[in-house]
Amino acid sequence: MSRKNNEFYARIWNAVAAIPYGRVASYGQIAELAGIARGARMVGWALGKAPDRMTLPWYRVLNAQGRISIPKGSRVRDEQIRRLTDEGVVVVDGCVDMRRYHWQPDLDELVWGPAAFGDDD
DNA sequence: AACGTGACGAGGA
DNA sequence: ATCCTCGCCACGT
């Protein structure tokens with residue numbers, strides 16, 4: 001913040017806010033959506049500084065492997081698992097099945113557009 | 001200006 | 001599959 005990059009954070013938060021309920025996205029994915037290629041690390045950093053993290057679906061952001069990146073023992077990690085589970089996302093040992101919950105904007109549009117429902121397989 | 005840091009990611013051992 | 005190393009980007013000291 002303090003710098004013009006404030007807009008840069010806004011984009012990240014905006015991208016995070018775009019993640020649909022019950023779905024998850026990776027840091028790298030959010031970075032790209034925010035226009036910051038390979039800026040995955042920045043996403044996590046920005047989320048930590050998010051002023052409105054209470055209303056932001058930060059918990060829907062995981063690493064590319066579908067694994068929660070927040071260290072164990074952290075109160076926040078526990079909250080993330082709790083919130084995801086509350087949305088119907090199955091979390092096992094801090095891991096989520098990306099094949100099932102990964103948010104794919106393109107596919108999402110394809111699925112929700114026509115008439116199908118979001119549950120392949 | 002330089003070096004270290006982090007809620008990352010890809011690739012090699 | 002797990003562990004380690006290196007590359008990335010922007011920030012903090």
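Reminder, nothing fancy here: chain letters follow the sequence lines and each chain counts from 1.
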Seminar exercise, completed: Separation of C:dA10 atom C1' from A:Arg11 atom CZ, nearest Å, is 15 Å
Exercise. Rounded to the Å, how far apart are A:Leu84 CG and B:dA7 C1'?
Worked result: 13 Å
For this session: Just jot down the salt bridge (charged side-chain N to carboxylate O under 4.0 Å, His left out) partners of A:Asp78, sequence neighbours excluded, or say none.
Result: none
Exercise. A:Tyr101 versus A:Val90: any side-chain heavy-atom pair under 4.5 Å?
Worked result: yes
Exercise. Can you list the residues that meet the side chain to side chain donor-acceptor pair (under 3.5 Å) rule with A:Gln65, with sequence neighbours excluded?
Worked result: none
I'd like a table of atom pairs between the protein and nucleotides 8-13 of chain B - only N or O on both sides, under 3.5 Å - with the distance next to each one.
unit_1	atom_1	unit_2	atom_2	d
B:dC8	OP1	A:Ser69	OG	3.1
B:dC8	N4	A:Arg41	NH1	2.7
B:dC8	N4	A:Arg41	NH2	3.4
B:dG9	OP1	A:Gly28	N	3.2
B:dG9	OP1	A:Ala64	N	3.3
B:dG9	OP2	A:Ala64	N	2.8

Exercise. Looking at A:Lys49, does any N or O in its side chain come under 4.0 Å of the phosphate oxygens OP1/OP2 on B:dG6?
Worked result: no
Exercise. So which heavy atom on A:Arg60 is nearest to which on A:Ile19, and how close?
Worked result: NH1-O, 2.7 Å
Exercise. Can you find a heavy atom in the side chain of A:Trp45 that is under 4.5 Å from one in the side chain of A:Tyr27?
Worked result: no
Exercise. Which atom names give the shortest non-hydrogen contact between A:Val89 and A:Gly22, and what distance separates them?
Worked result: CG2-O, 3.5 Å
Problem set entry | d(CG, A:Leu56; C1', B:dA7) in whole Å | 13 Å
Exercise. Can you check whether A:Tyr9 has a side-chain N or O nearer than 4.0 Å to OP1 or OP2 of C:dC11?
Worked result: yes
